[in-house]
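Inspection log for the structure reproduced underneath, given as structure tokens.
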Amino acid sequence: MAKNIENFRKEFFLENPTHVPLNNAGLCLLPKTAAKKLEESTYMLARDGASGFSKIFEEWDLSKKVLGQFLGANPSEIAWTPNCSSALSFVADGYEPKDGEEVVIFENEYPANFYPWMARAKRYGSQLKIVKAEADLSRPTEKIIAAITPKTRIVALSHIQSDCGYLMDISAIAEAAHKVGAILVVDVIQSAGIYPIDFHKMNVDILCGGLHKWLCAPAGAGFLMMKVELAKKIQPNLHGALNYGTFEDAPSLGKTPYEDLRRFEQGTPSFHSICAAIPSLQLLEEYSVDNLWKKSHELRKVLLEGVLELGFDTYGGTQTGPHLSITHKKHPIKQFSDALMKEKISHALRPAPTAEGKVLRLSPFAYNTVDEMKHAVATLKGAIA
Ligand SMILES: Cc1ncc(COP(=O)(O)O)c(C=O)c1O
């Protein structure tokens, strides 16, 4: 049975908060257990040096098992990468191109899921089809499906859009992409940890993500997930000891990279982030992602009702993550951002195709409180002179 969600806050260093954490879509807090693990892995390296290496590699294997259980994949289908951008770049650079191919992406995707495809288009002559967002930044499934043609080779999108929290209906898009032989690449950095994900059940070809957002683990590692059969069709663009064998092996001409996802792990990884991800993922599991989603949405609702009364426009429609992006009908968004900063309420100003060219994004998580939401709303109200 899942732990009581009302105790989730106690797992974090929030007894004497330094700020109100409302930019969780940017960077989540680390649970106490993850901070402890970071400390332990630091001391282990400080004390044991190279003799601690084997322990670290055991943890590396364990971390893949734990991430695999959390996201519904086998360890052989997972590669740890330096970040989410590099995971996406491996696919964009290395998936075998076809003459006249089209790559379908969205307008105003987070740059990690935009530039790799732009670079592919330059390198291989692919045609980039950039699907426009609606005025409220929602991204209707029909629009992306309409952009898929027999020439489409790759469809790449974020499961939850970082500018407004819009949540995509992945299964319908996967079906349309597969019908024409295209692969669907999904960036789950804004959904993993807050929305239930099961790679094997999703019918998606590739998932890419990172640890430092809703997975509540340290920055410094991303992941790439796909079936081994597909991995064989992607040539790694980074090379080193580990994607060809071990640190102990002599280099040898003619050696080929591993066929499974280890082909994308070329060298010494970010041990600390990967080790500390283990307790973070276990904690999220203990509280259940369903309950984290529910609680975060209850908090979002308090914010939503408050900002609507104050004359704000909201973005992303009704199908969103806990993200709430806003602009004001009369006042510039900077006025509100300054007021929130004064109160040490973290938030983000994100670029977006709106009249002001940006939105103010608040992103509550299950460790926030209703009082914090009310404080944020009161601060926004106070900023309307
Ligand atoms: C959709 C999306 N992808 C990727 C990233 C981050 O990528 P990286 O970990 O490579 O910096 C973000 C960060 O905000 C994001 O929102």
Side-chain angles (χ1 to χ4, degrees), residues 21-30 67 71 78-93 104-119 130-131 133 137-139 144 154-168 170 173 184-195 197 204 206-225 237-238 264-265 269-270 272-274 276-277 280 296 315-316 319-325 346-353 358-365:
L22 273 179
N23 185 15
N24 298 301
L27 192 73
C28 266
L29 300 180
L30 279 187
L67 182 72
L71 298 178
I78 299 170
W80 285 120
T81 59
N83 45 48
C84 184
S85 310
S86 51
L88 287 154
S89 297
F90 272 124
V91 184
D93 289 347
V104 179
I105 59 171
F106 269 124
E107 173 188 30
N108 208 46
E109 268 286 351
Y110 186 82
N113 199 11
F114 186 91
Y115 292 129
W117 310 112
M118 186 183 88
I130 304 178
V131 179
L137 302 183
S138 60
R139 271 80 164 185
I144 201 137
I154 301 170
V155 179
L157 47 88
S158 292
H159 194 190
I160 288 184
Q161 287 293 335
S162 76
D163 57 13
C164 66
Y166 186 78
L167 171 69
M168 292 301 306
I170 296 298
I173 298 167
L184 176 60
V185 182
V186 181
D187 175 344
V188 291
I189 202 169
Q190 290 293 353
S191 56
I194 194 75
Y195 187 84
I197 288 178
V204 164
I206 297 179
L207 295 185
C208 301
L211 292 177
H212 60 282
K213 298 189 187 285
W214 308 95
L215 292 176
C216 296
F223 57 85
L224 176 59
M225 201 173 274
N237 66 343
L238 292 174
F264 302 112
E265 295 173 329
S270 171
H272 301 293
S273 317
I274 292 167
S280 297
S296 306
Y315 294 86
Q319 189 183 314
T320 69
H323 316 55
L324 179 63
S325 289
S346 67
H347 59 282
L349 289 177
R350 297 298 310 154
K358 52 182 171 278
V359 290
L360 190 155
R361 186 189 66 197
L362 297 161
S363 43
F365 195 26

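Both ligands and their constituent atoms are indexed starting at 1 by order of listing. These figures come from a predicted structure and were not determined experimentally.
- Atom CG of Leu30 and atom NE2 of His212 lie 11.5 Å apart (nearest 0.5 Å).
- Within ligand 1, counting atoms from 1 as listed, the ones closer than 4.0 Å to a heavy atom of Ala112 are 4 (C), 7 (O).
- Counting heavy atoms from C-beta on, the side chains of Trp117 and Val91 come closer than 4.5 Å.
- With Leu157 as the fixed residue, the side chain to side chain contact (heavy atoms under 4.5 Å, CB included) test singles out one of Val104, Val131, Ile170, Asp187: Ile170.
- Contact annotation: for Ser85 versus ligand 1, heavy atoms closer than 4.0 Å belong to both the backbone and the side chain.
- Of all atoms in ligand 1, listed by their number and element, those nearer than 4.0 Å to a heavy atom of Ser158 are 1 (C).
- Both the backbone and the side chain of Cys84 come within 4.0 Å of ligand 1, counting heavy atoms alone.
- For ligand 1 and Ser162, the ligand atoms under 4.0 Å from any heavy atom of the residue are 16 (O).
- Distances from atom 4 (C) of ligand 1 to the heavy atoms of Ile160, Asp187, Val188 show the closest one on Asp187.
- A 4.5 Å side-chain heavy-atom check between Glu109 and Ser158 finds at least one atom pair inside the cut-off.
- Inter-residue side-chain proximity for Ile189 and Cys208 is flagged as unmet; no heavy-atom pair is nearer than 4.5 Å.
- Taking 4.0 Å as the cut-off, Asn113 does not count as a neighbour of ligand 1 on heavy-atom distance.
- When only interatomic distances are considered, the shortest N/O to N/O separation between Glu109 and ligand 1 does not fall below 3.5 Å.
- Counting heavy atoms from C-beta on, the side chains of Ile160 and Trp214 never come closer than 4.5 Å.
- Close contacts between ligand 1 and Asn83 involve ligand atoms 9 (O), 10 (O) [criterion: under 4.0 Å to a heavy atom].
- Of the options Val204, Val186, Leu207, a side chain to side chain contact (heavy atoms under 4.5 Å, CB included) to Ile197 is made by Leu207 and by none of the others.
- At a 4.0 Å heavy-atom cut-off, ligand 1 touches His212 through the side chain alone.
- With a heavy-atom cut-off of 4.0 Å, Gln190 touches ligand 1 through its side chain alone.
- Taking atom 6 (C) of ligand 1 as the reference point, the nearest protein heavy-atom neighbour is Tyr110 CE2, 3.6 Å.
- In this structure the side chain of Cys84 never reaches within 4.5 angstrom of the side chain of Tyr110, judged on heavy atoms.
- The shortest side-chain heavy-atom distance between Pro353 and Glu107 falls under the 4.5 Å cut-off.
- Interface atoms of ligand 1 facing Lys213, defined by a heavy-atom separation under 4.0 Å, are 12 (C), 13 (C), 14 (O).
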